[in-house]
Amino acid sequence: MKVALLSAANNVHTVKWANGLALQGVEVHVISLHPMTQNFNSAVHMHILSFKAPFGYFSNVVKLRCLLKKISPDLVNAHYATGYGLLSVLSTGRYPNIISLWGSDIFLFPKRSKFHFWVLKKILSSANAIFSTSECMKQELIKHSFAPNVPVFKTPFGVDVDLFSPNANALKNRSASDKVIVGTVKSLKAVYGIDVLIEAFSMLVKKDPVLKAELQIYGEGIELESLQQLAEMHGVADKVIFGGFIDNKKVPEVLNKFDVYAALSRSESFGVAVLEASACGVPVVVSDAEGFLEVVSDGVTGLIVPKNDPVAAHKALESLIVNPKARYELGEEGRKSVKLSFSETACIDIMMSAYKQVIKANH
């Protein structure tokens, strides 16, 4: 099988799909407008187009048509509907064209205006198949009839369960330490509810001033200064650590420092970061954003609380902080769940099966 992936070469999910497919014996060609900053398998063929985003989604059409003619792939899979998806429908011609939805392309883009809604509908209705990362994205697609006659497949992001795994030393340190670390790894944007997390954490500290707890926040974004001010305002600045951006390869090391992982997003299309924490055996506290409901089982692999509810989040965090046994049990079940349903191997198998169905239906 020969596959052309139109996707950002600087995105960690692109390298996961490309490398995973290559390991399955697929001839993978990554075609991108973005610079190659990730570590791709040597078997993956890389093609960086001349014109950059956003105008490159139009100006690279002729070059891409020529490149596809040379490669002659069995299919073209564009990742992210608005952008690479647009480029693909303008360029693919006779090759089966799959568009993979990632989240904001289906949840946010069409809500900007009627024109944006129309553009997304035109793009998706021109595809031969649509891949949705999660069920909630698939339902959003169906609800708005973006592409009623195009087949839709659910193809979740996978987690490298060997890279993201419990660290023996970390487990030992957790049991020996009397300090509990609550942590998160997310972009510092309002949609991810980190302000709610800080408020919930401050309630813990106010309730028990001698509590040995720390909140570690990793990520970068436009909300950094306001979140630092919020921690100051709540009197917990000395207990809230902003660790900045970390490379994906170093995320397991950070996750293994946490006793509890928290993600209180206001909106979430899929919970990759939560799955990575669960794969490390870390219990999770998440909001009831739709994407999280698909990857967390309440009371089994983690705890689910209402969005925008710091009181409920505070109670959930407190229940785990005071109960090491519960933390361990939720963490263990979380890792089992990820290995069973969301490992990279399992998700690549799902992708391969969907590819074969699309190729068969279009030949």
Side-chain angles (χ1 to χ4, degrees), residues 16 134-135 156-186 197 200-201 204 211-218 246 248-265 268 270-289 291-305 312-350:
K16 285 181 178 180
S134 63
E135 183 63 29
F157 289 127
V159 174
D160 183 341
V161 294
D162 294 321
L163 176 63
F164 290 89
S165 61
N167 180 296
N169 289 331
L171 292 173
K172 186 186 299 183
N173 291 338
R174 281 180 200 156
S175 61
S177 175
D178 59 351
K179 180 171 74 175
V180 176
I181 297 176
V182 178
T184 194
V185 182
K186 297 291 287 185
L197 175 57
F201 179 76
L204 287 170
L211 177 69
K212 291 187 178 179
E214 186 173 271
L215 174 59
Q216 296 185 3
I217 299 169
Y218 289 86
I246 49 170
N248 189 254
K249 293 291 184 182
K250 295 183 179 179
V251 172
E253 179 184 339
V254 168
L255 291 175
N256 272 297
K257 295 178 182 178
F258 298 165
D259 295 286
V260 181
Y261 183 90
L264 304 179
S265 302
E268 193 78 47
F270 191 69
V272 177
V274 168
L275 289 175
E276 290 174 344
S278 291
C280 290
V282 182
V284 299
V285 174
V286 302
S287 69
D288 58 0
F292 290 152
L293 299 180
E294 297 181 37
V295 300
V296 178
S297 178
D298 191 29
V300 179
T301 65
L303 301 179
I304 300 174
V305 299
H314 152 247
K315 290 179 179 178
L317 291 171
E318 183 181 41
S319 70
L320 294 180
I321 285 174
V322 301
N323 192 338
K325 183 173 182 289
R327 295 201 301 268
Y328 175 79
E329 290 175 349
L330 291 176
E332 282 287 292
E333 290 301 315
R335 178 160 174 81
K336 288 178 186 176
S337 175
V338 175
K339 290 178 70 175
L340 179 65
S341 303
F342 295 103
S343 70
E344 276 189 354
T345 302
C347 293
I348 289 293
D349 287 345
I350 292 170

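Atom set for the values below is all heavy atoms of this structure, side chains included, hydrogens, waters and symmetry mates excluded. None of the values given here were measured: they were computed from a predicted structure.
Residues H314 and L204 are in side-chain contact: their nearest non-hydrogen atoms beyond the backbone lie under 4.5 Å apart. With contacts defined as side-chain heavy-atom distances shorter than 4.5 Å, the pair I321/V182 qualifies. Taking the side chain as every heavy atom from C-beta outward, V185 and F258 approach each other to under 4.5 Å. Between V274 and E268 there is no side-chain heavy-atom pair separated by less than 4.5 Å. Taking the side chain as every heavy atom from C-beta outward, F164 and V251 approach each other to under 4.5 Å.
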Listing, residues 279-286 side-chain donor-acceptor contacts under 3.5 Å, not counting sequence neighbours, or none:
none

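The main-chain N or O of S265 is found under 3.5 Å from a side-chain atom of S287 such that the two form a donor-acceptor pair. Under a 3.5 Å cut-off, the side chain of E294 and the backbone N or O of E135 do form a donor-acceptor pair. Looking only at distances, no side-chain donor or acceptor of N167 sits under 3.5 Å from a matching main-chain atom of N256.
Applying the salt bridge (Lys or Arg N to Asp or Glu O under 4.0 Å) test to every pair with at least one member in residues 275-285, sequence neighbours left out, gives these pairs: K16-E276. Sorted by first then second residue, the salt bridge (Lys or Arg N to Asp or Glu O under 4.0 Å) pairs that include residues 332-343, not counting sequence neighbours, are E333-K336.
T301 is linked by a side chain to side chain donor-acceptor pair (under 3.5 Å) to nothing, counting only residues two or more places apart in sequence or in another chain. For D160, there are no salt bridge (charged side-chain N to carboxylate O under 4.0 Å, His left out) partners, not counting sequence neighbours. By the side chain to side chain donor-acceptor pair (under 3.5 Å) test, E318 is found to be paired with K207, residues two or more places apart in sequence or in another chain being considered. Judged as a side chain to side chain contact (heavy atoms under 4.5 Å, CB included), and not counting sequence neighbours, the contacts of T345 are S343, D349. Scanning for salt bridge (charged side-chain N to carboxylate O under 4.0 Å, His left out) contacts around K212 gives D178, with sequence neighbours left out. Remark: Q216 engages E214, Y218 in a side chain to side chain donor-acceptor pair (under 3.5 Å) (not counting sequence neighbours). In this structure, the salt bridge (charged side-chain N to carboxylate O under 4.0 Å, His left out) partners of E329, at least two apart in sequence or on a different chain, are K325. For L293, the side chain to side chain contact (heavy atoms under 4.5 Å, CB included) criterion is met by D288, I304, not counting sequence neighbours.
Distance check, rounded to the nearest 0.5 Å: CG of L264 to CG of L317 gives 7.0 Å. Here the straight-line distance linking atom CG of D259 with atom OH of Y261 works out to 15.0 Å at 0.5 Å rounding.
G158 approaches C347 most closely through the heavy-atom pair CA-SG, 3.6 Å. Pairing each heavy atom of V305 with each of A316, the nearest pair is CG1-CB, 3.7 Å. The two residues L303 and D298 come nearest to each other via the heavy atoms CA-OD1, 3.4 Å. Taking all atoms of both residues into account, the shortest heavy-atom contact from P156 to F270 is CB-CZ, 3.8 Å. The minimum heavy-atom distance linking L330 with G302 is given by the pair CD2-N, 3.8 Å.
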